[in-house]
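Predicted model, so just to flag it, every value in this text is computed and none were measured.
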Amino acid sequence: MIMEKSEPEPLLRRHPTNPILTSADWPYAVNSVFNAGAVRLASGETLLLCRVEDCSGRSHLCAARSADGVGDWRIDREPTLLPDAANHPEETWGIEDPRLVWLEELGKYGVCYTSYSESGPAVSLALTEDFCSFERIGNILPPENKDAGLLPRRVDGRWALIHRPVSSEAAGHIWIAYSPDLRHWGDHELVLKARRGSWWDARKIGLSAPPIETAAGWLMIYHSVRSTVGGAVYRVGLSLLDLENPAKCLLRSDEWLLGPETAYERSGDVGNVVFPCGACIGDDGDTLRLYYGAADTSVGLVTGSVARLLDWLHAHGSAPDVGR
């Protein structure tokens, strides 16, 4: 008798209605919608702050709200946050890829985003209470830097920011910086290096959604950009940072967890891309909804369990070499 191969349940399950948001859903003319930051509001609604590329090729941010975080999205009728090149010249070529965090101490949301100027991508920060009005703190880390997200609370009295500078050797590693006031950043430390050679996370890596606090440490979902003869491929893996010293990475996954497989991930403005920027945790403290850009064209959703991800990381991870 021939035994059928049994497939294990995936750790991250694509939602059957994927992609959950596309340019066709937008109330005004746009080219593409992708790379959305995510938060659960006090009302229980999910808010996605999406990167929206207009037909000039530049990007702005626009909010979409949903009761269940899956469908029936209410989308702002006009852009929620536009580039302000007159007051912030670092935004001349657009603003992109937000990461959202609720900062309990301030009673505000922190919005880290990429500001794009003639000098390249930089990290900017804004604060908001309602995603209607924003206090722009402005450029906090100079070019070339991106993939930045705040931790939701201070660590040893200071705010912490994950970021990804690019060095002269064209490699991109994950770093952390600290600040007393969200405006002045220093004490940068290398957290996780892109591997070399044929690894899935060789060449460049960067933060995906902001790190998730767990009893075991900060669960950090990160993406990789691997160069192949067919072009770059973006995939997603896991790492675990020490709870009280997030500059110390305890584990990183030796295998990727999510990669481009479906037609909407393989084909688009930039093919072979899955790029998460936002995650929400359910009322049970375990259910994960991870929102990702698919091929720089649409927004996809995968769901999973934080506990299962941690178990998988301990089984399929190793201690990193960060070059210390």
Side-chain angles (χ1 to χ4, degrees), residues 8-23 31-38 46 48-53 59 64 69-70 96-100 113-114 146-149 162 164 172 174 192 194-195 199-212 219-228 230-239 252-280 288-306 308-309 312-313 316:
E9 181 184 357
L11 289 168
L12 294 176
R13 298 176 296 278
R14 288 171 174 82
H15 198 272
T17 63
N18 271 357
I20 60 168
L21 284 170
T22 73
S23 60
N31 173 58
S32 55
V33 177
F34 54 113
N35 297 3
T46 296
L48 299 186
L49 192 60
C50 303
R51 174 179 172 181
V52 177
E53 185 182 286
S59 293
V70 176
E96 309 172 351
D97 302 353
R99 274 82 170 181
L100 311 180
Y113 59 95
T114 299
K146 61 192 312 187
D147 297 333
I162 304 294
R164 202 285 301 285
I174 295 176
L192 192 63
R195 284 184 268 217
W199 283 93
W200 70 273
D201 54 356
R203 185 178 170 234
K204 285 185 182 180
I205 57 174
L207 177 71
S208 289
I212 300 165
L219 181 63
M220 184 172 73
I221 303 167
Y222 72 98
H223 67 268
S224 71
V225 188
R226 184 187 177 195
S227 296
T228 75
V233 180
Y234 285 69
R235 297 186 175 105
V236 177
L238 296 178
S239 60
R252 74 186 301 174
S253 57
D254 290 331
E255 303 171 11
W256 72 79
L257 189 62
L258 180 69
E261 295 179 4
T262 66
Y264 57 85
E265 297 162 350
R266 291 283 192 184
S267 179
D269 280 1
V270 182
N272 290 319
V273 172
V274 290
F275 193 89
C277 285
C280 294
L288 171 74
R289 294 200 309 268
L290 184 66
Y291 298 92
Y292 66 98
D296 279 17
T297 302
S298 61
V299 177
L301 168 64
V302 291
T303 59
S305 155
V306 172
R308 287 191 69 213
L309 291 179
W312 181 87
L313 180 57
H316 297 83

*Between atom CD1 of I174 and atom OH of Y222, what is the distance when rounded to the nearest 0.5 Å?*
7.0 Å
_A209 versus L290, closest heavy-atom pair with distance_ = CB-CD1, 4.2 Å
*Indicate the atoms forming the closest heavy-atom contact of P10 with R308, along with that distance.*
O-NH1, 3.5 Å
*Determine the interplanar angle of the H223 and Y234 rings, folded into 0 to 90°, and report it as parallel if under 30°, tilted if 30 to 60°, perpendicular if over 60°.*
parallel
*Note, T114 side chain near R51 side chain (heavy atom, < 4.5 Å)*: no
_Could you check whether any side-chain heavy atom of S32 comes within less than 4.5 Å of a side-chain heavy atom of D296, counting everything from C-beta outward?_
no
*May I ask you to check if R235 and W200 form a cation-pi contact, with NZ or CZ under 6.0 angstrom from the six-membered ring centre and within 45° of the axis?*
no
*Tell me, with the steps shown, if Y291 and L21 meet side chain to side chain contact (heavy atoms under 4.5 Å, CB included).*
CA-CA 10 Å; Y291 298 92; L21 284 170; over 6 Å; no
_I need the minimum non-hydrogen distance between L48 and A36, along with the two atoms involved._
CB-CB, 4.1 Å
*Taking side chain as C-beta onward, heavy atoms only, is W312 less than 4.5 Å from L257?*
yes
*About how many Å separate CD1 of I221 and OH of Y292, when rounded to the nearest 0.5 Å?*
13.0 Å
*State plainly whether the residues R99 and D147 are in salt-bridge range, i.e. N to O under 4.0 Å.*
yes
*Roughly how far, to the nearest 0.5 Å, is NZ of K204 from CZ of R164?*
5.5 Å
*asked:* Could you check whether any side-chain heavy atom of M220 comes within less than 4.5 Å of a side-chain heavy atom of L207, counting everything from C-beta outward?
replied: yes
*First locate atom OG of S59, then atom CG of N35, and finally report the distance between them rounded to the nearest 0.5 Å.*
8.5 Å
*Ignoring hydrogens and geometry, is there a side-chain-to-backbone donor-acceptor pair from S224 to R226 under 3.5 Å?*
no
*Going by distance alone, is a donor N or O of one side chain under 3.5 Å from an acceptor N or O of the other, for T262 and R14?*
no
*Which heavy atom of D201 sits nearest a heavy atom of I205, and at what distance?*
O-CG2, 3.6 Å
*Can you name the nearest heavy-atom pair linking R203 to S227, along with the distance?*
CD-OG, 2.9 Å
*Could you state the interatomic distance from CZ (R13) to CG (L288), rounded to the nearest 0.5 Å?*
9.5 Å
*Pair T297-T22, side chain to side chain contact (heavy atoms under 4.5 Å, CB included): steps then yes or no*: CA-CA 7 Å; T297 302; T22 73; over 6 Å; no
_Against L238, only a single residue in L309, L258, L11 fulfils side-chain contact (heavy atoms from CB on, under 4.5 Å); can you say which?_
L309
*Closest non-hydrogen atom pair, V236 against P276*: CG2-CD, 3.5 Å
*For residues V299 and P19, determine if any side-chain heavy atom of one lies less than 4.5 Å from a side-chain heavy atom of the other.*
no
*Check whether any side-chain heavy atom of L313 sits under 4.5 Å from a side-chain heavy atom of L219, and report yes or no.*
yes
*Note, D269 side chain near N31 side chain (heavy atom, < 4.5 Å)*: yes
*Give the C-alpha distance, both sets of side-chain angles, the deciding distance and a yes or no for side chain to side chain contact (heavy atoms under 4.5 Å, CB included) between C280 and R289.*
CA-CA 5 Å; C280 294; R289 294 200 309 268; 4.1 Å; yes
*Do the side chains of C277 and F34 get nearer than 4.5 Å, heavy atoms only?*
no
*asked:* Using 0.5 Å steps for rounding, measure from the CZ atom of R252 to the CG atom of L192.
replied: 4.0 Å
